[in-house]
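Sharing a structure below in structure tokens format, with a few things to ask.
All of these numbers come straight from a predicted model, not from anything done at the bench. Order of appearance sets the numbers: ligands from 1, and atoms from 1 within every ligand.
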Amino acid sequence: MTGWEAGADLVVVGSGVAGLTAALDAAAAGLRVVVVTKDGITEGSTRWAQGGVAVVLGDVAGDSLDAHVADTLAAGGGLNDAAAVGTVVRAGPGAVRRLRERGALFDARGSRLDRTREGGHSAYRVVHAGGDATGAEVERALVAATRDAGITVLDGHVAVDALRDVTGRVVGLAALADDGTAGVLRAPAVLLATGGYGQLYASTTNPPTSTGDGVALALRAGAVAADLEFVQFHPTVLWTGPAVGRRPLVTEAVRGEGAILRDRAGTAFMAGVHPRADLAPRDVVAAAITRRMAETGSDCAFLDATALEGFAARFPTVYASCREAGIDPLTEPIPVTPAAHYACGGVVTDTWGRTGVPGLYAAGEVARTGLHGANRLASNSLLEGLVVGERVVRAVLADGGPAVLSAPVEPAPAVPVAARAVVQRAMSASAAIGRDASGLAGASDAIEAATVTAAPVDRTGVEDAALTLLAQAVLAAAGTRRESRGCHVRTDFPGRDDVHQNASLRVRVDGAGRPVVLSDALVGAA
Ligand code: SIN
């Protein structure tokens, strides 16, 4: 294996909305940027986002930035960082304007942008593109701008570890090429924009790239993660039978435009569950569907969009997925089920993307700024990626960084790793919606029994090690939080405990590379 070595001012790992926004701003500021991606530049999570970007542009009667803040806090179940919410929501209009200047085309109605509504929103404030293809349009615009700017993209490379000097400061990134060749990128700043960890579960809306690599890398570099137990399940993916991997999303905007959830007997069941019924926050809807499926012994629920006018034109992506599966949403209800969708937690950062490790930054789904709390408000994720993707470059410029010396190319250290299928089976069975102490402990034991210590030699090895670490971290946090809150539903602790558990759980790794929930994390919790 021959080592390779290169240098940059900023290494961006990942090519979603946060990563490419940062890369473009950094290049515009004169920094030498390299974007590292496992697949092509277009293969991240961003392209799969359907609903849109939640943003208050001042032209919707009755809506306001304060209302957007209030909805975000209400969805977040008491664990949002209110200052972070205010910062991100208020920076949204400017960030969306700059995205449009970069070429993103949003759907318009006359002279103003069209809006839709999703769960938990008190107003029609979600801008969208291509009907239900918002992520694809955002990605198209950012990829085109990245190519125009001549930014170096190193695709076919997986990030392995942050390189650090004797003080612990990050001085670069160790990576593996697809052919297994190890190398280093020397840089005073490394930005993780790697997305989430939906691949912990057998059924997910996430692409194969979402294996938690960024959170794992940051933890191994000494960073702290938080809110990892809050894995958001999207209430509605298309149910086509048991399957492993990415499932087609049925955007919440379908309910925003009037579709109704029904059980197998045709009964609309959300009305008695929450005042906003089918447009309750996502955690409420996903849990209600799961309960109803169990009560009726059904593998799925049904989303009835047959009364919607112009469905095929408004939701072309959903329509195409349904037709491919032999379902006609114009005449029959769409079979749907919840699936793992979004990591509300991640690497702890401020709203400038700074982790606690000098030189290491994180933005987008990989990060936990405190915007989402225990449950992300729909369409706040592209918003966060845009806002923090811009701000992190200002942080990198302000922080400066030492001139970086040549770093040796060393083999990756050995880390705990279990087979992906074991991890996905255990997490899907015991750490999805509806968890309890014995299931969580059993899942942890099953993964532990399958774990060996090995140095990753290729992308699969890096991903499986990340999934193993993330699984044990999610299980540890979920076992410690003995209450139900937001996306974390415990069947043995169904109530919310605001007296003792109204705080985020923080996680680090110990010397053996195992995740540890910090003992002071929850006041009064065992
Ligand atoms: C959706 O379109 O329902 C997903 C949007 C999101 O996850 O924010």
Side-chain angles (χ1 to χ4, degrees), residues 16-18 44-55 68 71-72 75-76 88-89 92 96 106-107 114-121 124-139 195-198 204-207 210 230-238 246-259 261 276 278-286 289 301 303 305 308 311 314-322 329 334 336-344 346 364-365 371-373 375-387 486-487:
V17 60
S45 302
T46 293
R47 68 190 275 210
W48 301 107
Q50 292 186 354
V53 186
V55 67
H68 188 178
D71 289 347
T72 303
V88 174
V89 166
V96 168
F106 287 92
D107 297 334
D114 196 13
R115 306 299 152 79
T116 192
R117 191 170 158 196
E118 292 181 78
H121 287 278
Y124 283 79
R125 69 164 70 96
V126 176
V127 296
H128 49 87
D132 58 5
T134 311
E137 172 58 15
V138 169
E139 181 206 88
Y197 41 88
T204 175
T205 62
N206 293 188
S210 299
F230 298 110
V231 178
Q232 183 174 72
F233 279 66
H234 195 286
T236 56
V237 302
L238 184 62
R246 195 188 69 76
R247 314 305 307 142
L249 185 64
V250 179
T251 175
E252 210 158 69
V254 176
R255 275 176 286 127
E257 303 291 340
L261 282 162
R276 287 194 180 148
D278 291 87
L279 282 177
R282 193 168 278 181
D283 55 336
V284 175
V285 182
I289 292 175
L303 184 62
L308 268 58
F311 183 91
R314 173 65 182 83
F315 299 109
T317 313
V318 175
Y319 184 70
S321 305
C322 289
I334 306 167
V336 290
T337 184
H341 182 57
Y342 196 87
C344 299
E365 188 175 355
L371 172 66
H372 308 309
N375 173 53
R376 177 181 62 97
L377 183 67
S379 288
N380 266 357
S381 44
L382 291 178
L383 173 76
E384 185 186 44
L386 285 169
V387 168
C487 311

Restricting to non-hydrogen atoms, name the atom on Leu308 and the atom on Ala259 that form the minimum distance, rounded to 0.1 Å.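 Reported closest heavy-atom pair: CD1-N, 3.6 Å.
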Which atoms of ligand 1 have any heavy atom of Gln50 under 4.0 Å away?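 That gives atoms 2 (O) of ligand 1.
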Those atoms of ligand 1 less than 4.0 Å from some heavy atom in His341: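 Under 4.0 Å from His341, ligand 1 has these atoms: 4 (C), 6 (C), 7 (O).
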Reported CZ-to-CG distance for the pair Arg117 and Leu279, which is rounded to 0.5 angstrom: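 Rounded to the nearest 0.5 Å, the CZ-CG separation comes out at 5.5 Å.
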Flag for His121-Asp71: side-chain donor and acceptor within less than 3.5 Å: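 Checked: Asp71/His121 side chains show no N/O donor-acceptor pair below 3.5 Å.
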Under 3.5 Å: N/O of Gly51 near N/O of ligand 1: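 Min N/O separation from ligand 1 is below 3.5 Å for Gly51.
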Taking only heavy atoms of Glu252, which atoms of ligand 1 are found under 4.0 Å from at least one of them?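 Checking each atom against Glu252, I get 1 (C), 2 (O), 3 (O).
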Taking only heavy atoms of Ser379, which atoms of ligand 1 are found under 4.0 Å from at least one of them?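 Answer, ordered by atom number: 6 (C), 8 (O).
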Which of the numbered atoms in ligand 1 are under 4.0 angstrom from any heavy atom belonging to Ala378?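 The atoms of ligand 1 under 4.0 Å from a heavy atom of Ala378 are 8 (O).
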Beyond-backbone contact of Phe233 with Cys487, side-chain heavy atoms, under 4.5 angstrom: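 The answer is no, as the side chains (C-beta and beyond) never meet within the 4.5 Å cut-off.
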Using heavy-atom distances only, which candidate in His234, Arg376, Arg282, Gln232 approaches atom 5 (C) of ligand 1 most closely?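 Nearest heavy atom to atom 5 (C) of ligand 1 lies in Arg282.
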Parallel, tilted or perpendicular: which one describes the rings of Tyr342 and His372, with boundaries at 30° and 60°?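 Because their plane-to-plane angle is over 60°, the rings of Tyr342 and His372 count as perpendicular.
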To which protein heavy atom is atom 2 (O) of ligand 1 closest, and what is the distance rounded to 0.1 Å?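 Among all protein heavy atoms, the one nearest atom 2 (O) of ligand 1 is Thr251 OG1, 2.6 Å.
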Could you report the tightest heavy-atom contact between Thr205 and Arg246, atom names first, then the distance?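 Smallest heavy-atom distance, with atoms named: O-CG, 3.2 Å.
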If the cut-off is 4.0 Å to any non-hydrogen atom of Glu118, which atoms of ligand 1 fall inside it?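 Ligand 1 atoms under the 4.0 Å threshold to Glu118: 1 (C), 2 (O), 3 (O), 5 (C).
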To the nearest 0.5 Å, what is the distance between CZ on Arg247 and OG1 on Thr204?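 Atom-to-atom, Arg247:CZ and Thr204:OG1 are 10.5 Å apart.
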